[in-house]
Amino acid sequence: MNLLVKNVTIADPQSKFNNQQCDVRVENGTIKNIGKLTAEKNETIFDAQGAFLTPGFFDLNCVAGDPGFETKEDIQTLTETAKAGGFTGLALLPQTSPVVQSKSQVEYIINRAKNNLVDVLPVGAISQNREAKELAELFDMQQAGAVAFSDGDRALQDDGFMSRALQYAKGFDALLMVYPENKSIAGKSQINESKNSVLLGMKGLPALAEEMHIARDIFLASYNETKIHISNISTAGAVALIRKAKKDGVQISCDVTAHHLVFTEELLNDFDSNYKVKPPLRGKADVKALIAGLKDGTIDAITSQHRPEEIEFKNVEFEIAHYGIIALQTVLPLVLKAGLDTALISEKLAINPRKLLNLTVPVIEEGYKANFTVFNTTEKWLYNAASNHSKSANSPLLNTELTGKVNLVYNNNQYFLR
């Protein structure tokens with residue numbers, strides 16, 4: 001399949017064509033030519049009209065319902081949603097039923113996602129049934145194709161267990177991606193602890209719960225001389241802790257969700273459960289610190305934290321509603337709204353996520369495999385039931401006009417046009 005992308009601005013710091021407006025020819029899944037090109041016979045032509053082309057986006061943190069909760073999202077609808085959001089690769093968390101915690105379950109995910117435009121890569125569980133009592137079959141899962149290990153949104157509370165998991169993973173250079181929350185501090189709180197939580201009459205979850213857990217993991221990673229990845233940080237204090245740890249030589253990385261770069265706790269004043277996420281939405285000062293952390297390199301990647309949920313678990317009272325929003329299709333509009341430029345988007349959404357997982361990073365150069373996303377930073381589009389590709393509808397952004405549209409994605413000799 002041959003494709004010619006005309007008049008596109010390349011945003012790839014790895015490429016000699018970075019920041020240049022070019023034409024890009026793809027033949028049989030490989031970038032054949034870059035420059036000012038003339039159309040040839042039997043090739044599809046797409047005029048990007050000055051839109052940007054980056055390596056294909058990759059998400060470090062998303063969930064599907066397969067196996068066990070296919071009514072929320074299956075692999076097919078997940079990849080359709082990912083394509084529409086500009087993603088050509090996904091790291092799929094293991095919080096399914098059964099939990100992905102063995103070689104056979106990793107192979108199941110890989111086989112379910114074969115021959116797809118979107119690369120779906122399984123993340124195995126750290127502990128059996130995500131209970132933090134016994135280690136899962138980490139080495140066997142890695143050999144079967146697991147790219148990292150995580151207990152999803154369950155934080156590993158036992159210090160000794162966490163230390164042993166780091167020691168074991170170090171033996172075969174595996175990456176543990178951990179959610180930071182000290183449960184004894186957090187309790188059953190569901191929104192950020194602040195004046196706003198007092199106003200709403202709800203018990204607040206202090207930033208301390210996240211920061212204490214990160215401080216512990218920094219000490220353990222340093223003690224065991226191994227790497228660790230902190231998922232979904234949300235507070236200014238967390239940014240400061242990780243910034244210092246990196247300066248001190250700790251092998252630590254982290255990510256932030258796109259919605260934590262824009263949404264703040266004031267949006268909860270109407271008790272809209274579609275804004276109920278974990279970690280909770282924080283204050284404006286936290287948002288400012290997160291964006292600064294992205295710009296100075298403290299925060300390595302941006303994730304979707306895509307969490308599909310059936311309506312019966314969201315259209316209920318706030319306190320009993322499930323956490324999470326569907327987010328793969330809205331990452332680009334949110335990071336643009338947060339003020340990030342195309343260079344930072346390319347780094348945090350495409351390049352760094354793959355580097356963290358030791359995956360091949362796509363490069364926009366002649367002779368390289370074609371794996372890219374084309375998007376327009378000013379084009380508006382309506383996000384509604386017709387344009388939503390997910391099985392679920394738990395997003396506060398549905399039925400709104402968004403700015404920043406994915407026009408084209410290409411990977412595995414397949415393309416998707418919007």
Side-chain angles (χ1 to χ4, degrees), residues 58-63 89-95 100 121-127 130 132 135-136 138 141-142 146-157 159 161-182 210-235 238-258 260 278-279 290 293-294 297-306 347-359 361:
F58 188 98
D59 188 31
L60 282 173
N61 193 298
C62 70
V63 168
L90 304 170
L92 193 59
L93 293 183
Q95 50 204 73
V100 178
L121 306 176
V123 174
I126 297 172
S127 67
R130 301 194 301 137
L135 281 172
L138 273 62
M141 285 192 284
Q142 187 192 61
V147 293
F149 301 95
S150 171
D151 274 1
D153 58 3
R154 291 187 184 175
L156 296 167
Q157 300 297 322
D159 301 342
F161 181 88
M162 183 66 197
S163 187
R164 291 190 293 275
L166 286 169
Q167 291 169 14
Y168 183 59
K170 180 181 178 181
F172 48 99
D173 195 33
L175 180 66
L176 302 189
M177 304 195 304
V178 296
Y179 177 73
E181 183 182 82
N182 184 306
E210 179 173 315
E211 293 156 13
M212 281 184 66
H213 214 69
I214 291 172
R216 181 206 72 170
D217 288 343
I218 288 170
F219 277 115
L220 292 176
S222 177
Y223 177 78
N224 290 294
E225 297 181 340
T226 190
K227 60 187 178 182
I228 192 169
H229 181 85
I230 311 296
S231 297
N232 309 143
I233 70 168
S234 67
T235 73
V239 176
L241 282 166
I242 293 169
R243 183 181 288 121
K244 182 179 184 303
K246 285 190 170 187
K247 287 179 180 177
D248 292 343
V250 179
Q251 299 174 65
I252 189 170
S253 56
C254 66
D255 64 59
V256 63
T257 76
H260 279 96
K278 188 177 180 181
L290 292 168
L294 282 166
T298 300
I299 302 175
D300 300 271
I302 299 169
T303 72
S304 74
Q305 203 189 39
H306 181 75
E347 178 189 349
K348 306 298 184 181
L349 270 180
I351 297 170
N352 283 1
R354 290 182 172 92
K355 283 184 176 179
L356 290 168
L357 299 178
N358 291 321
L359 302 174
V361 179

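What you are looking at is a predicted structure, and each value in this text was computed from that prediction instead of being measured.
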Does any part of the side chain of [Y], heavy atoms only, come nearer than 4.5 Å to the side chain of [X], both counted from C-beta?
X	Y	answer
V250	F219	no
L166	D217	no
H229	L356	yes
L138	F172	yes
M177	L93	yes
L156	L176	no
D151	V178	no

Run the numbers on D173 and K227 for salt bridge (charged side-chain N to carboxylate O under 4.0 Å, His left out), then give the verdict.
CA-CA 8 Å; D173 195 33; K227 60 187 178 182; 3.1 Å; yes
- Message: Please enumerate all residues that pass side-chain hydrogen bond (donor to acceptor under 3.5 Å, both in side chains) together with D59, with sequence neighbours excluded.
- Response: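 For D59 the side-chain hydrogen bond (donor to acceptor under 3.5 Å, both in side chains) partners, ignoring immediate neighbours, are S304.
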query: Considering residues at least two apart in sequence or located in another chain, which fulfil the side-chain hydrogen bond (donor to acceptor under 3.5 Å, both in side chains) criterion with D153?
result: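 Expected list: R130.
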Is there a donor-acceptor pair closer than 3.5 Å between any side-chain N or O of R216 and the backbone N or O of M212?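 Absent.
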Is the backbone of I302 close enough, under 3.5 Å, to the side chain of D255 for a donor and an acceptor to pair up by distance?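 Judged by distance alone, no pair lies under 3.5 Å.
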- Sequence neighbours left out, what passes ring-ring contact (aromatic ring centres under 6.0 Å, His included) with Y179? Give chain and number order.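 Testing Y179 for ring-ring contact (aromatic ring centres under 6.0 Å, His included), a comparison that skips the adjacent residues, returns none.
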Counting only pairs under 3.5 Å, give me each side-chain donor-acceptor contact of residues 241-248, with atom names and distances, residues two or more places apart or in other chains.
unit_1: R243; atom_1: NE; unit_2: D296; atom_2: OD2; d: 2.9
unit_1: R243; atom_1: NE; unit_2: T298; atom_2: OG1; d: 3.3
unit_1: R243; atom_1: NH2; unit_2: D296; atom_2: OD2; d: 2.7
unit_1: K244; atom_1: NZ; unit_2: D248; atom_2: OD2; d: 2.7
unit_1: K246; atom_1: NZ; unit_2: G297; atom_2: O; d: 3.2
unit_1: K246; atom_1: NZ; unit_2: T298; atom_2: O; d: 2.9
unit_1: K246; atom_1: NZ; unit_2: D300; atom_2: OD1; d: 3.0
unit_1: K246; atom_1: NZ; unit_2: D300; atom_2: OD2; d: 2.9

**Item:** Residues in salt bridge (charged side-chain N to carboxylate O under 4.0 Å, His left out) contact with E181, at least two apart in sequence or another chain
**Value:**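 In terms of salt bridge (charged side-chain N to carboxylate O under 4.0 Å, His left out), with neighbours along the sequence ignored, E181 is linked to K183.
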For this session: Tell me, please, which residues at least two apart from E210 pass side-chain contact (heavy atoms from CB on, under 4.5 Å).
Result: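 Scan of E210 (side-chain contact (heavy atoms from CB on, under 4.5 Å), adjacent residues dropped) gives P180, I214, I233, S234, T235, A238, P279, R282.
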task: Say whether Q305 and N61, considering side chains only, have a donor N or O and an acceptor N or O under 3.5 Å apart.
output: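 Distance-only check fails for Q305 and N61.
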Heavy-atom count check: over 12 atoms from other residues, nucleotides or ligands less than 6.0 Å from E225 CD?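 Not more than 12 within 6.0 Å, no.
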Quiz item: Above 12 or not: heavy atoms from other molecules or residues under 6.0 Å from NZ of K355?
Solution: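 Open: at most 12 neighbouring heavy atoms sit under 6.0 Å from NZ of K355.
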Test log, rule side chain to side chain contact (heavy atoms under 4.5 Å, CB included), inputs C62 and L92 | CA-CA 5 Å; C62 70; L92 193 59; 4.0 Å; yes
